[in-house]
Structures are given as C-alpha cells and as structure tokens.
Amino acid sequence: MPELPEVETTLRGIEPAIVQQVISHFTVRQASLRWPVTVGISELVEGQRITLVYRRAKYLIIQLERGSMLIHLGMSGSLRLVQPGAELRKHDHIEMQMSNGSVLRYHDPRRFGCWLWSETDHHQLSHLGPEPLSEDFDAQRLYQLSRKRKIAVKPYIMDNNTVVGVGNIYASEALFRAGIRPDRAAGNISLQRYTVLTGHIKEVLAAAIVQGGTTLRDFVNGKGEPGYFQQTLAVYGRGGEPCTVCGGSLKEIKLGQRSSVFCPRCQR
DNA sequence: ACACTAACCTGCAAGC
DNA sequence: TGCTTGCAGGTTAGTG
C-alpha cells in the first residue's frame, strides 16, 4: 500500500494526536513482523513522552525522551487512530494508548512492516539517499550517479540509494509524464532528460500528498479516510488500456520483478 | 561495484 | 462452487 505520499498522509493524520503525549499502554499482539518487534518494547516505552514525530523515506519515527521507535508500513500496513475499546480487526498487531485517550493501531496483513525501538540510531536510516522533495535531490545527482550504469531507469529511481520514497506507482507515473521508457538504461539518459524527470518525480509526489495519497485496496490515512490520487493515475495498473495522451495501448512489462506499465508511443 | 533473484506473508481476483 | 495460480504498495540478503 504505502509509498511516500501515503506515509506522509499517515504522519499528518496521527501526529497531532500523539505528539507531546505520554504513552500509557503499549500492546503487542503479533511480534513477528519483518524484524521481530523489539523484545520488551512495552516496558521500554510506557510512561515516556513523545517529543517528536516525523518521516524519513517511508519510515515514521516516533522520538521519545529515551530512544525512538522506527515504524515501516511495508506493503500492506496502516496506522489508524481509533476509539478506545474499538473492535479489533484481524491483523491489528500493535496498539499504543496515550494518556490523553488517543489510541493508535498498527494493522498489517502481510507483516512486511516493522516497529522497532532503539536507544540510539536505527541502522535502517543510514545509507539512505536524499528526500525527493528536498533540494538535495536534483538532476545532477540522477545524472552523475547513473553514468556507465546498465540498470533500467525505473529500478534505478526506485533504489533508495539514488533517492528515497519513489515506489512502483509514482516511478511509473513520473516516467510517463517525462516521456521516458522505464526499461531504458539509466546510464544512457541525458542530463536534460533527467532534469525533466526530476521535476516530474517531485510534482507527482507533491500532488499525491495534496490529494491524500493513492488508495489501492484499503489504504486509509490516520483517520480512516481514503486518498484520491488513484483518480489521477495515467499508467499504473492500466496495462492494455488506452494511453490518456495518444490513445495507443499501454504495454506491461516486468522490471526487477515489478510490473511496469508504459506507453510505447509516448515514452522513448 | 553492479545486476539480478529469492524471500518474507496474506488476501484477493482470475482462470479452469 | 471450489481449487489453483499469480499478483500486490517494499526492502534486504544472497548469488554470480
């Protein structure tokens, strides 16, 4: 489910309800996530105040007085604020209750996500590329890092070392808007074309955030509301359907075992 | 260093 | 109707 816009939407939904609050109860019902939930996490975090909640790449970080919690939603995770005592759903793995009555629930059917506590740095956050919406991410970087590389441009921009937060949906959409075939070798793309692509990556992510993310299957923000960006998708999930620009049939291929849809006429 | 694959896990839709 | 197959938003560990 979540790419960067969905994680950002989640952050904005939950942050006001939990920041500066004290964690009164922390419950783990299923500790078997991508990495096991930190042993003894409840005792480590209960009684602590949340000082800061922020996002880095697709991770959410909840900073405590002592240590911090690192949360990832994987492919199918979601975080929701619920009423205390709200009925438990299948795959509601973790619950965090605040002293002001707010209750945050972590739901993740596929369990590819994580929820970890560390007193120091989280190693997952080292070696991450720049945030896509920051000035540190620019065409020069895309161009220079790609010289002599044979990797297809789509997996190249989805690599967290290149830039974080560009997943399958928005990589597909940005390449379509930029008119670049997803299977073109990254090392053969000019600085000019990377300039266009960089602009579209930033645009498509920013637009998706404004619209509350893309709702596929059951994505909802922290308040349980859907996103609306899927109405804007031009290629993702539309293999075989007509191109919104030229009317030709959209082609679907596999790149790095991810399905990639593009218009053979508009994208070169 | 780079390119590529398999793996983690459940749910759902399509096909037979 | 019911079974099987394939596919899904991400990331990492391992191979050559």
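Sequence lines set the chain letters: A, B, ... in the order given, protein chains first and strands last, and positions in each chain run from 1.
With a 6.0 Å radius and a threshold of 12 heavy atoms from other residues, nucleotides or ligands, A:K202 has its NZ atom above the threshold.
Taking atom CZ of residue A:R258 and atom C1' of nucleotide B:dC4, one finds them 14 Å apart after rounding to whole Å. With rounding to whole Å, A:E3 atom CD is found 12 Å from C:dA8 atom C1'. Following rounding to the nearest Å, A:Q257 (CD) and C:dA8 (P) show an atom-to-atom distance of 11 Å. Rounding to whole angstrom units, NE2 of residue A:H93 and P of B:dC8 are separated by 17 Å. Atom-to-atom, CG of A:D108 to P of C:dG10 comes out at 13 Å; the value is rounded to the nearest Å. Straight-line distance from the OH atom of A:Y59 to the C1' atom of C:dG10: 9 Å, rounded to whole Å. When the P atom of B:dA14 is taken as reference, atom CD of A:E252 falls 14 Å away, rounded to whole Å. For the pair A:L125 CG and C:dT12 P, the computed distance is 10 Å after rounding to whole Å.
Using P as the reference atom, B:dT5 and C:dC7 are 14 Å apart when rounded to the nearest Å.
Distances shown here put a side-chain N or O of A:Y236 below 4.0 Å from the OP1 or OP2 atom of C:dG9. The shortest distance between the side-chain N/O atoms of A:R110 and the OP1/OP2 oxygens of C:dG10 is not below 4.0 Å. The side chain of A:K150 places no N or O atom within less than 4.0 Å of a non-bridging phosphate oxygen (OP1 or OP2) of B:dC4.
Listed nucleotides B:dG11, C:dG10, C:dT12 differ in distance to A:Q124; the shortest reach to its side chain belongs to C:dT12. In this structure, of B:dC2, C:dG9, C:dG10, it is C:dG10 that holds the atom nearest to the side chain of A:F112.
Side-chain contact check for A:L11 versus A:E8: some heavy-atom pair is nearer than 4.5 Å.
Not less than 6.0 angstrom separates the ring centroid of A:W117 from the ring centroid of A:F26.
Classified by interplanar angle (parallel below 30°, tilted 30° to 60°, perpendicular above 60°), the ring pair A:Y106/A:H93 is tilted.
The partner of B:dC9 cannot be assigned: no Watson-Crick or G-U wobble pair with both contacts below 3.5 Å exists in any strand. When Watson-Crick and G-U wobble pairs are counted only if both distances are under 3.5 Å, C:dG9 pairs with no nucleotide at all.
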